[in-house]
Amino acid sequence: MKERTIYGRFYSWVEKQPEAVAVSEDGRSVTYRELDGMANDIMAKFYSKEESFVGIVMSHSIEMVAAMLAVLKSGAAYVPAEPSLPKERIDYMMRTAGAQLVITDEFCRNLPLSQPMPDRSTDKGVAYVLYTSGTTGRPKGVVVENHSVVNYAEAFEHEFHTGPGDVMLQYSICSFDIFVEEVFTTLLNGATLAIPSKEVHEGTIGDLMAFCERHGITAISGFPYLLADMNRYKCYPSKLRLLISGGDVIRGAYVTWLKNQDFAIYNTYGPSETTVCATYYRVDNAHPLDDGTYLIGKSIKGVEVKILDDSMNEVPDGKTGEICILGEGVSRGYLGNPPEQANFVTLDDGTRMYRSGDLGYRMSDGNIAFLRRKDKQVMILGRRVEPEEVENVLNESPCVERGVVRSFTDEQELAYLTAYFVPSHKNCQLSRIKRFLCSRLADFMVPEFFVKMDDIPLTARGKVNDRALPVVMKEGETE
């Protein structure tokens, strides 16, 4: 039995509890046995092709989860993309990953009834490729192996004791780490995954909490902004025992009411390159730091986190350094050979390490505090964005002669983007520029503000003079 592969660990639960509910939606659910059967049926449609990378562009559903398991069992890796992404961006992801097959909702209709297919997955085999924002102006694909995901499922169970009887909400988009956490820490630990409809997902916080109540949700993992909404409206499902924040900085103001309720709240930290999370920190029984943020905690099971200086020596407690991650969570790296591949380092003893580009320091008790990025990368609605990528696309617009994109922070220290541009002709329309950006970028990457300029101010050395750019100020949301 292949316990160190995603499918192998999932199948161990198929054998242990075949009739337990694996995935539920409003109005339908499937057991572990039925989900495995559905995965076999999907796999049968492409089994003979022996694909290396298979695209999955589907609405969130039971079929989508089954398709991912089918790809993993076949020995291939899945490349996920939301159907709502610009077609050009999806095409770029599939082309650069070499995905000759893309599974869609239509592909999963009228499935043949098949016998169990052979499991071709391996622990060192690639499980998935997640595309993140890149400095080159194009997204880059992070390549994650099976054993790294299994290690994360084990670490999650070790910390949170997830298992049969738990119900996890599936709320994140498929191309983000939180989705991996939602799906695989659930199915690889014998719990149940609950997927809301598009209408619920796009509805109010009340609609979402009502769905959670109907399905007996016990665990929610989301961006800090979801916690802030739950805190603001004072709502949570009655069976909730675990609330996890990830993907961005969580502030004390986000959980003032929530932390007094009867469930655990955790802050987590970790880039896609190290398989979801590298550290955990419980916040409901702790106080925020002086800047209003919480610590990111200590290394999870199977992972080591070091704080290093520029010479890659460990710094003393309390001294600022780069957060560097070692262990089973470190991914294979990026597809192709982008400049960022240099962040993956092989140490003298053969250990692989990822230099996160994040700055932090270690407290005397071993907990780590996150400070800021070393580079210009920012988090927009919990997603990593390289302003340089947005800027490169802006300059490809036929309406733009020259443009720059800069990031700023609002009153709550949340990042937002402003685009400065010199129009290429007098009839230039902002709507055309925004449509162009929306055709190339995910919606959260499109700048909130646009400033028309007669020219872009430069320094004496010919670089953009950031100090001469007008700042469009943005209020933070009030409590």
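The figures that follow rest on heavy atoms only: side chains count, while hydrogens, waters and symmetry mates do not.
- Here the two rings, on Y280 and Y269, have centers that are 6.0 Å apart or farther.
- Not less than 6.0 angstrom separates the ring centroid of F184 from the ring centroid of F10.
- Stacking of K45 on the aromatic ring of F107 is recorded, both the 6.0 Å distance cut-off and the 45° axial limit being met.
- Side-chain atoms of E82 do not come within 3.5 Å of backbone N or O of V57 as any donor-acceptor pair.
- For R352 (side chain) and S331 (main-chain N/O), a donor-acceptor pair under 3.5 Å exists by modelled atom type.
- Residue D41 comes nearest to L111 through the heavy atom pair CB-CB, 4.0 Å, listed as atom of the first residue, atom of the second, then distance.
- Summarising the local packing, NZ of K239 is surrounded by 12 or fewer heavy atoms from other residues, nucleotides or ligands at distances under 6.0 Å.
- In plain terms, the two heavy atoms of E34 and S29 that are nearest each other are OE1-O, 4.2 Å.
- Side-chain contact check for I195 versus L169: every heavy-atom pair is 4.5 Å or farther apart.
- Here the side chain of T275 pairs no donor or acceptor atom with the backbone of S148 at under 3.5 angstrom.
- Annotation for D123 and T5: closest pair N-CG2, 3.5 Å, computed over non-hydrogen atoms.
- Between S431 and R435 there is a side-chain heavy-atom pair separated by less than 4.5 Å.
- By the neighbour-count criterion of 12 heavy atoms within 6.0 Å, atom CZ of R282 is densely surrounded, having more than that number from other residues, nucleotides or ligands.
- For an aromatic pair to be called close, the ring centres must be under 6.0 Å apart, and H60 with F179 satisfies this.
- The neighbour count for Q115 CD, taken as heavy atoms of other residues, nucleotides or ligands under 6.0 Å away, does not exceed 12.
- Relative to the ring axis of F263, R241 does not place its NZ or CZ within 45° and under 6.0 Å from the centre.
- Centroid-to-centroid, the aromatic rings of Y78 and F53 stay 6.0 Å apart or farther.
- When atom types are taken as modelled, the side chain of T279 and the backbone of I296 share a donor-acceptor pair closer than 3.5 angstrom.
- With N40 contributing its side chain and M117 its backbone, the two residues share a donor-acceptor pair below 3.5 Å.
- Residue F444 places its CZ atom among more than 12 non-hydrogen atoms of other residues, nucleotides or ligands, all under 6.0 Å distant.
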Would K301 and F156 satisfy side-chain contact (heavy atoms from CB on, under 4.5 Å), going step by step from the backbone distance to the final call? CA-CA 8 Å; K301 182 176 181 288; F156 194 90; over 6 Å; no

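- Proximity of a side-chain donor or acceptor of R33 to a complementary backbone N or O of Q17 within less than 3.5 Å is not detected.
- The neighbour count for K198 NZ, taken as heavy atoms of other residues, nucleotides or ligands under 6.0 Å away, does not exceed 12.
- With hydrogens and angles disregarded, no donor-acceptor distance shorter than 3.5 Å links the side chain of E448 to the backbone of L417.
- A donor-acceptor distance shorter than 3.5 angstrom exists from the side chain of D119 to the backbone of S121, with no hydrogens or angles considered.
- Counting only distance, with no hydrogens or angles, the side chain of T186 and the backbone of E182 share a donor-acceptor pair below 3.5 Å.
- Checked against the 6.0 Å centroid criterion, the rings of Y416 and F449 qualify as a close aromatic pair.
- A donor-acceptor pair under 3.5 Å is absent between the side-chain atoms of D229 and the main chain of L226, judged by distance alone.
- In this view, S59 and D105 satisfy the side-chain hydrogen bond (donor to acceptor under 3.5 Å, both in side chains) rule, not counting sequence neighbours.
- The shortest heavy-atom contact between A76 and V54 is CB-CG2, 4.2 Å.
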